[in-house]
Amino acid sequence: MSQVKILLDEAEIPANWYNVVADMPKAPAPLLGGDGKPVNPESLAAIFPPAIIEQEISRERWIPIPEPVREIYRQWRPTPMFRARRLEAALGTPAKIYYKYEGGSPAGSHKPNTSVPQAYYNRQAGVRRIATETGAGQWGSALAMAGQMFGIEVRVYMVRVSYEQKPFRRSMMEAWGAEVIASPSPRTNSGRHILAQHPDSTGSLGIAISEAVEEAATRADTNYALGSVLNHVLLHQTVIGLEAKKQFEKAGDYPDVIIACCGGGSNFGGVAFPFFADKAAGKNVRLIAVEPESCPTLTRGHYAYDSGDTAGLTPLMLMYTLGRNFVPPSIHAGGLRYHGDSPLVSQLHHEGLVEAIAVPQRATFQAGLMFSRTEGIIPAPESNHAVRVAIDEALACKRSGEGKTIFFNLSGHGNFDMAAYDSFLSGKLEDSSYPAHAIEEALAELPKVKAPGR
Ligand SMILES: *Cc1c(COP(=O)(O)O)cnc(C)c1O
């Protein structure tokens with residue numbers, strides 16, 4: 001009667017990933033080169049293995065998960081879904097709140113769901129070395145772990161502000177055998193260029209991506225891996241939503257609203273896309289992406305072609321963007337500090353099928369503390385954005401008397417983020433105001449190319 005955890009058997013780990021492209025009203029816009037012409041996907045072969053490139057452009061609805069990947073998924077999947085009964089009681093809401101918990105993976109977040117298949121496909125293609133970037137350290141640690149499992153050497157360019165604020169994330173990556181370098185670094189042209197202009201730059205994900213892509217493109221023995229944004233990454237993360245659908249079936253319930261925090265969009269896409277399939281078939285379900293007020297890509301950005309990195313080394317993608325030169329304020333939710341967003345999430349938001357909300361930092365920590373004190377788990381600062389909006393939805397139900405079913409993804413735990421909680425608990429944490437001027441400047445530098453046929 002008072003079930004708290006809804007669990008699945010290991011045999012119920014999905015056999016296929018779900019590709020949302022098959023159910024989108026319009027095909028995704030092509031990647032463009034700097035000249036405004038579509039990029040030949042094969043030109044990506046310098047940095048990605050063939051299987052990843054194929055997934056990036058696939059329109060198949062179901063893509064099989066390789067058995068060796070499912071084998072490793074068993075280490076922490078299926079992840080539990082919880083009914084947040086203690087939080088519901090504390091709020092006094094008639095709403096039902098469910099959350100899925102991805103913090104039980106070895107790296108403590110959802111990111112190993114994609115680092116493992118990415119390492120697998122690289123190894124399959126004979127690649128023995130990968131360069132990547134990391135913000136708060138969650139992606140870097142997930143790839144370090146996966147690299148170790150497949151005998152791949154990993155070098156991580158870590159955004160300098162996190163390198164200094166989160167030394168234990170660095171230790172984690174090193175424990176899994178990766179090499180970690182603070183970005184911007186003097187090792188790459190992109191890094192040297194930034195340092196010449198801003199010697200004390202705190203870095204950004206956009207800059208760190210430039211450094212890793214540059215290294216992969218210029219070294220024959222090295223590939224590149226990205227922890228979010230791209231179609232294949234969102235594809236891999238759909239194991240979350242696919243499991244959740246089975247768990248709701250077991251619980252005899254179905255969500256009215258699905259909430260996830262959104263940086264590059266892989267966590268949001270991972271949990272929401274399998275439910276989008278139902279929405280496309282006529283079901284009434286709301287999908288809400290939550291972002292920080294200080295890096296409000298979906299809510300305040302332009303829907304335009306822009307580069308995925310600061311130096312402009314990646315192809316141009318049609319997405320919501322704040323401009324590739326925008327360096328977000330140093331908020332604690334490092335995983336949400338990205339100037340752009342997944343082209344798939346962006347397109348669905350542009351078409352009015354996905355909602356977006358921006359929330360201020362302090363309100364997210366207030367929500368995170370309430371969650372910690374009722375449900376026990378201390379959420380990652382990124383996940384607190386989803387917790388905030390889930391609580392707000394539940395409070396709206398309290399006012400209206402509606403018993404809605406609210407579902408959010410708890411993308412990771414905050415056990416490595418206690419400095420951020422310390423700052424909040426001691427009253428030092430501030431809301432950084434909306435950086436209107438910096439965003440305006442960065443948006444003025446958007447590439448002048450048009451979406452073909454749009
Ligand atoms: C990286 C990260 C996010 C942001 O994920 P995206 O997929 O880029 O939107 C959210 N939560 C946690 C715990 C993360 O590590």
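Order of appearance sets the numbers: ligands from 1, and atoms from 1 within every ligand. Quick caveat: nothing in here was measured; it's all calculated off a predicted structure.
Residues that satisfy the side-chain contact (heavy atoms from CB on, under 4.5 Å) test with Arg77, not counting sequence neighbours, are Ile13, Tyr73, Thr79, Lys100, Glu102, Asn113, Val239, Ile240, Glu243.
For residues 369-378, the set of pairs meeting the side-chain hydrogen bond (donor to acceptor under 3.5 Å, both in side chains) definition, not counting sequence neighbours, comprises Tyr99-Glu375. Applying the side-chain hydrogen bond (donor to acceptor under 3.5 Å, both in side chains) definition to pairs two or more places apart or across chains, those involving residues 352-367 are Arg286-Glu355.
Remark: Asp417 engages Lys166 in a salt bridge, criterion side-chain N to carboxylate O under 4.0 Å.
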Check each N or O atom of ligand 1 against all protein N or O atoms and list the pairs under 3.5 Å, with atom names and distances to 0.1 Å, one per line.
| unit_1 | atom_1 | unit_2 | atom_2 | d |
| --- | --- | --- | --- | --- |
| ligand 1 | 7 (O) | Ser228 | OG | 3.3 |
| ligand 1 | 7 (O) | Ser266 | N | 2.9 |
| ligand 1 | 7 (O) | Ser266 | OG | 2.5 |
| ligand 1 | 7 (O) | Asn267 | N | 2.8 |
| ligand 1 | 8 (O) | Ser228 | OG | 2.8 |
| ligand 1 | 8 (O) | Gly264 | N | 2.8 |
| ligand 1 | 9 (O) | Gly263 | N | 2.7 |
| ligand 1 | 9 (O) | Gly264 | N | 3.1 |
| ligand 1 | 9 (O) | Gly265 | N | 2.9 |
| ligand 1 | 11 (N) | Ser411 | OG | 2.7 |
| ligand 1 | 15 (O) | Lys111 | NZ | 2.6 |
| ligand 1 | 15 (O) | Gln138 | OE1 | 3.2 |
| ligand 1 | 15 (O) | Gln138 | NE2 | 3.3 |

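Ring centroid separation for the pair Phe408 and Tyr98 does not come in under the 6.0 Å cut-off. Here the two rings, on Tyr320 and His302, have centers that are 6.0 Å apart or farther.
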